[in-house]
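Structure first, commentary second.
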There are 2 protein chains.
Amino acid sequence: MITTRRMLLDTAGALLERQGYHATGVNQILSVSGLQRGSLYHHFPGGKEELAVAAILDRARRSERFIERHLGAVGDPADAVQALVEALADRVAHDADGASPPFAAVTLEAGPGLERLRDACRHAYTGIRACFEAKLVASAHEPARAASLAAVITAAIDGAFVLCRVDGDASPLRQVAKELAVLLRRPPPGGATAARAAPVGTDV
Amino acid sequence: MITTRRMLLDTAGALLERQGYHATGVNQILSVSGLQRGSLYHHFPGGKEELAVAAILDRARRSERFIERHLGAVGDPADAVQALVEALADRVAHDADGASPPFAAVTLEAGPGLERLRDACRHAYTGIRACFEAKLVASAHEPARAASLAAVITAAIDGAFVLCRVDGDASPLRQVAKELAVLLRRPPPGGATAARAAPVGTDV
DNA sequence: GTCTATAATAAGATAGAC
DNA sequence: GTCTATCTTATTATAGAC
């Protein structure tokens, strides 16, 4: 059974992800979901912000599960991250309008007066980075390096979603998938940097 | 002389960057700038959206110049990008509230009805990626790889700004600066064996 | 070019019947 | 739990004096 509360969380979550907080009106949430004002304020007495906080936290949990599932399916972290980002690109290619970083817009809009919303976004981003970090540590990466790589993975995916939006195309996510795999691939023991030793013509 | 038009562009640009389009009201632009409604609608008869478009395009030009200046100051592209992102991190550390990707929030908010705003954002992101791409091509990177790397650099910086916002700290940008340098020093996937200096094997 | 009063609309939230 | 009428406030935009 699909509860009213679930309907509100899903509708609000999708709109917040795509448009951000201020561009998403209570009226729009109601018209899209087909629900009535009374239901919203019954389930979320705190109104729009309380619903937004709950929707963000709900989507954060789902995002973490999605990431963990994909990372758990492939052993090598470089391959796993590449497959995960390719899956996101496929999703964007299939539904170009849904090309959105889940929390970026709301995070940037959550200024003074929306502290609880900002806390929810912080929680979301912390959890997502932790997923990548755990995978990297489990693959014998040094903890500090794992944290650094997790931040870059999270950031690059978010930014790629934005580029997908402006391009109307999934290519940026595919480019990020490929390059993150390059970054995560451990250099051969001998140190492959030797070949790169002579960048002729690059000095000014 | 600081013209009224310039004051409007700077004020609106800063607020749009920090808060996005819908969270930034005309009233706020006026109160922060100390100007009056009449001035705004005189210089921008199209109202809020016309001002926003002009402010975005103005900031896009400035961003490109900032990037070109930093990339031009250092020969090696890995070092140059690292220095650029470190400079952004310093800026964030100095003014933590100013931790914002310049165009991400507005891009994500620019849905149906704000097509001109979206076009301005597309123009901004295209120009920024082109700056990195040009630097990489000039450093003997294969064009397709340069485009891919430029997208990743742009995306990672944008995403790092968002993480800086939620963390209240410049660390994500510093992590991205370090890891992008690692990525840019890494030989391409195909396995650039010896002498990356001669772009052998770049033909398909 | 600039200022202010006002219009027109949309926003989020509430009250009370059912 | 759900629905609808209504309140309050904030929004963008315009008109017309200066």
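Small disclaimer: the values here were computed from a predicted structure and weren't measured. Heavy-atom basis, side chains included; hydrogens, waters and symmetry copies ignored. Letters go in sequence order (proteins before strands), and every chain restarts at 1.
- Rounded to whole Å, atom C1' of D:dT14 lies 18 Å from atom CZ of B:F44.
- The CD-P distance, from B:Q36 to C:dC3, rounds to 5 Å in whole Å.
- At distances below 3.5 Å, at least one donor-acceptor pair connects side-chain atoms of B:S33 with backbone N or O atoms of B:L35.
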Verdict with reasoning, B:T24 to B:Q19, per side chain to side chain donor-acceptor pair (under 3.5 Å): CA-CA 6 Å; B:T24 301; B:Q19 307 173 330; 3.0 Å; yes
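- In this structure, A:L40 atom CG and D:dT4 atom P are separated by 15 Å, rounded to whole Å.
- In this model, the phosphate group of C:dG1 is not approached by any side-chain N or O of B:S39 to a distance below 4.0 Å at OP1 or OP2.
- With B:Y21 as the aromatic partner, B:K48 meets the cation-pi criteria of under 6.0 angstrom to the ring centre and within 45 degrees of the ring axis.
- Judged by a 6.0 Å distance limit and a 45° cone about the ring axis, A:R91 is positioned over the six-membered ring of A:F66.
- At least one side-chain nitrogen or oxygen of A:T4 sits closer than 4.0 Å to the OP1 or OP2 atom of D:dT2.
- At least one donor-acceptor pair under 3.5 Å links the side chain of B:R118 to the backbone N or O of B:A110.
- Across the protein-nucleic acid pair, A:I29 atom CD1 and C:dA10 atom P stand 18 Å apart, rounded to whole Å.
- Atom CG of A:L35 is separated from atom P of D:dC3 by 7 Å (rounded to the nearest Å).
- For the OP1/OP2 pair of D:dT2 and a distance below 4.0 Å, the side-chain nitrogens and oxygens of A:H42 include no atom meeting the criterion.
- One atom, CG of B:L30, and another, P of C:dA5, lie 15 Å apart when rounded to the nearest Å.
- Judged purely by atom type and a 3.5 angstrom limit, A:K135 has no side-chain atom pairing as donor or acceptor with the backbone of A:A80.
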Under 4.0 Å protein heavy-atom contact, by nucleotide of nucleotides 12-18 of chain C - B base, S sugar-phosphate only: BBB----
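- Following rounding to the nearest Å, B:L114 (CG) and D:dT11 (P) show an atom-to-atom distance of 17 Å.
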